[in-house]
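Remarks on the structure that follows.
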Amino acid sequence: MTDLFGGAPEANRAPGQASGRGPSRAPENMRQQRPIEAPQVQRRPPSRTQPLADRLRPKRLEDVRGQDHLLGPEGTLTRMLARGTLSSLILWGGPGCGKTTIARLLAGQAGLFYSQISAVFSGVADLRRAFEEADKKQAATGKGTLLFVDEIHRFNRAQQDGFLPYVERGTVVLVGATTENPSFALNAALLSRCQVLVLNRLDDASLESLLVHAEEEVGRPLPLDPEARASLRAMADGDGRYLLNMVEQLVALDPSKVLTPRDLAAILSRRAILYDRDREEHYNLISALHKSLRGSDPDAALYWFARMLEGGEDPRYIARRLTRFAAEDVGQADPSALPMAVAGWQTYERLGSPEGELALAQVVVHLATAPKSNAVYTAYKAARALARDTGSLMPPSHILNAPTSLMKDIGYGKGYEYDHDSEDAFSGQNYFPDGMPRASLYHPTDRGHEGRIRKLLDMRAAKRASREP
């Protein structure tokens, strides 16, 4: 941690090292006069080539929209600044939610130098220069540096380890920005030294506030009817930067013609759906589909199915997961579910896209509306555990075949009862190893087809018990 009026706190200093700011903390009135912006960030006067998103970049933390849980009166960062210390942070959120802006303004609010690098364009040499520069500034001024690392998840594990000694010594306050889940993208050592803050995608109210601000900047209202204005916010999909980029295109149009949603769709493109087929969003959406099916909600299941398709997911992957769901969560409650899932998969393979997706949609609806039972899944896991615990016990001799006279002489097959010759084709013999207590593994539910199975098994259990001595 670095305090707001200098370099590393006393706990991080070597014995005898000067603090660089005298024996006492700055008085309270000096705290109130700290600059809001980082000293190094120079605001350019607006130009014709300066993007609207940059012109409207907030100049104070309280002007950042949509992140009240961090910057509101009781927000995490508000409380942190009020305590006079700023921890190293990982800002996790989607594009256009304010990560870079917050980092810049934090540096100004905390009275720190501001340095920025991007993991996309930087390597070890750039990191080393940034740390050396921070060391020099701290030695000369006693003031620390906030090092903002954009796309920090793109650094490999070894590069991430390079931050550790500088963060621990307080040479830099690290603020990393990532669109990826830090649990997967960053190593544990770095995460243990940083506080992860989740930034929200901008909600509809925040986007509307941003639109109003943009209209004030350009000096006139946007030529949109109310429905088109709502459509514009929806097209941004929570990305404030993308919204302002679309506004720039609209202000170049004839202001006398009011646009409808149909006009808007012809002029602008909707923001691409955030979806990575090998990253967290992939697992989030398949989990949402699976749990919607388990919760017997065909509408929600179809929605998540469509979201995955729109994001570019391979329908074969979805077909495989639907087949797995049929076996795990429907099971014998609806024995037709598994062959239907396989049939839907095969239909897609034969028809391809886009016709084949309809067969998968039918499977989604069938699985969502089918009676549910995980009794087979539970029984399978219990059987595996029992098999591991009991080792190599032999089957009872009466159910062993006797293809040789020797095997017949030692009792293989002796006493076996052919079930088809028994009443109801059920003899009730024991099929577990001799000396092993009978295990009860499969417990069917009362739902769907399993209700009939349960009644049948109860009758057979009674007959089996009547044979016991």
Side-chain angles (χ1 to χ4, degrees), residues 93-97 179-181 184 200-204 207 227-239 242-243 246 260-330 334 336-372:
C97 65
T179 57
E180 304 292 338
N181 189 328
F184 304 141
N200 298 328
R201 62 192 298 276
L202 299 189
D203 59 18
D204 195 64
L207 292 173
E227 291 78 13
R229 194 178 182 92
S231 295
L232 182 67
R233 297 193 301 268
M235 292 170 74
D237 194 24
D239 186 332
Y242 193 82
L243 178 71
M246 291 191 292
T260 66
R262 183 184 295 273
D263 300 327
L264 199 63
I267 296 171
L268 301 174
S269 62
R270 181 178 292 271
R271 180 180 178 273
I273 294 174
L274 291 178
Y275 189 79
D276 287 307
R277 286 167 54 179
D278 61 347
R279 298 183 185 271
E280 190 205 11
E281 195 68 14
H282 163 83
Y283 298 104
N284 286 345
L285 265 61
I286 194 60
S287 176
L289 173 59
H290 197 117
K291 291 179 173 62
S292 299
L293 292 171
R294 184 179 292 155
S296 300
D297 188 336
D299 298 318
L302 282 171
Y303 170 74
W304 295 116
F305 169 67
R307 276 281 302 274
M308 296 186 77
L309 291 179
E310 290 296 320
E313 182 58 74
D314 185 352
R316 295 175 183 83
Y317 170 77
I318 303 176
R320 184 174 69 83
R321 291 300 299 255
L322 293 175
T323 303
R324 186 262 176 88
F325 180 90
E328 178 181 338
D329 285 273
V330 178
D334 180 1
S336 70
L338 185 57
M340 183 169 185
V342 173
W345 191 347
Q346 292 173 336
T347 301
Y348 175 80
E349 294 287 0
R350 288 175 178 267
L351 295 181
S353 295
E355 294 89 348
E357 279 94 333
L358 179 59
L360 297 181
Q362 183 178 350
V363 175
V364 168
V365 172
H366 184 94
L367 295 179
T369 55
K372 306 297 188 298

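Residue numbers start at 1 and run along the sequence shown.
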How long is the straight-line distance from [atom2] of [Y] back to [atom1] of [X], given to the nearest 0.5 Å?
| X | Y | atom1 | atom2 | result |
| --- | --- | --- | --- | --- |
| Thr323 | Arg321 | OG1 | CZ | 11.0 Å |
| Leu302 | Leu293 | CG | CG | 9.0 Å |
| Leu358 | Ser353 | CG | OG | 12.0 Å |
| Glu310 | Leu285 | CD | CG | 11.5 Å |
| Asn200 | Cys97 | CG | SG | 8.0 Å |
| Met246 | Ile267 | CE | CD1 | 12.0 Å |

> Are Leu309 and Ile318 close enough, and set up right, to give a side-chain contact (heavy atoms from CB on, under 4.5 Å), and what steps lead you there?
Replying inline: CA-CA 9 Å; Leu309 291 179; Ile318 303 176; 3.9 Å; yes
> What side-chain hydrogen bond (donor to acceptor under 3.5 Å, both in side chains) pairs are there with at least one residue in residues 358-369, not counting sequence neighbours?
Replying inline: Asp334-His366
Nearest heavy-atom neighbours spanning [X] and [Y]:
| X | Y | value |
| --- | --- | --- |
| Val364 | Ala301 | CG1-CB, 3.7 Å |
| Ser231 | Leu264 | CB-CD2, 4.0 Å |
| Tyr242 | Ala236 | CD2-CA, 4.0 Å |
| Lys372 | Ser296 | NZ-OG, 2.9 Å |

>> Checking the side chain of Lys291 only, and the main-chain atoms of Leu289 only, is there a donor and an acceptor separated by less than 3.5 Å?
In response: no
> Hey, is the main chain of Thr260 close enough, under 3.5 Å, to the side chain of Asp263 for a donor-acceptor pair?
Replying inline: yes
>> Going by the rule salt bridge (charged side-chain N to carboxylate O under 4.0 Å, His left out), which residues pair with Asp329 if we only count those two or more places apart in sequence or in a different chain?
In response: Arg294
> With sequence neighbours excluded, what pairs up with Asp204 under the salt bridge (charged side-chain N to carboxylate O under 4.0 Å, His left out) test?
Replying inline: Arg233
>> Before you tell me yes or no, could you show the steps for Val330 and Leu338 under side-chain contact (heavy atoms from CB on, under 4.5 Å), namely the whole-Å CA-CA distance, both residues' side-chain angles and the distance that decides it to 0.1 Å?
In response: CA-CA 8 Å; Val330 178; Leu338 185 57; over 6 Å; no
> Tell me, which pairs form a ring-ring contact (aromatic ring centres under 6.0 Å, His included) where one or both residues lie in residues 289-308, sequence neighbours left out?
Replying inline: His290-Phe325
> Met340 and Leu367: side-chain contact (heavy atoms from CB on, under 4.5 Å), yes or no, with the steps?
Replying inline: CA-CA 9 Å; Met340 183 169 185; Leu367 295 179; over 6 Å; no
>> Checking Thr347 now: which residues fulfil side chain to side chain contact (heavy atoms under 4.5 Å, CB included) with it, not counting sequence neighbours?
In response: Leu351, Ala359
> Pairs in or reaching into residues 338-357: which pass salt bridge (Lys or Arg N to Asp or Glu O under 4.0 Å), with residues at least two apart or in two chains?
Replying inline: Arg316-Glu349
>> Side chains of Asn284 and Ser287 only: does a donor on one sit below 3.5 Å from an acceptor on the other?
In response: no
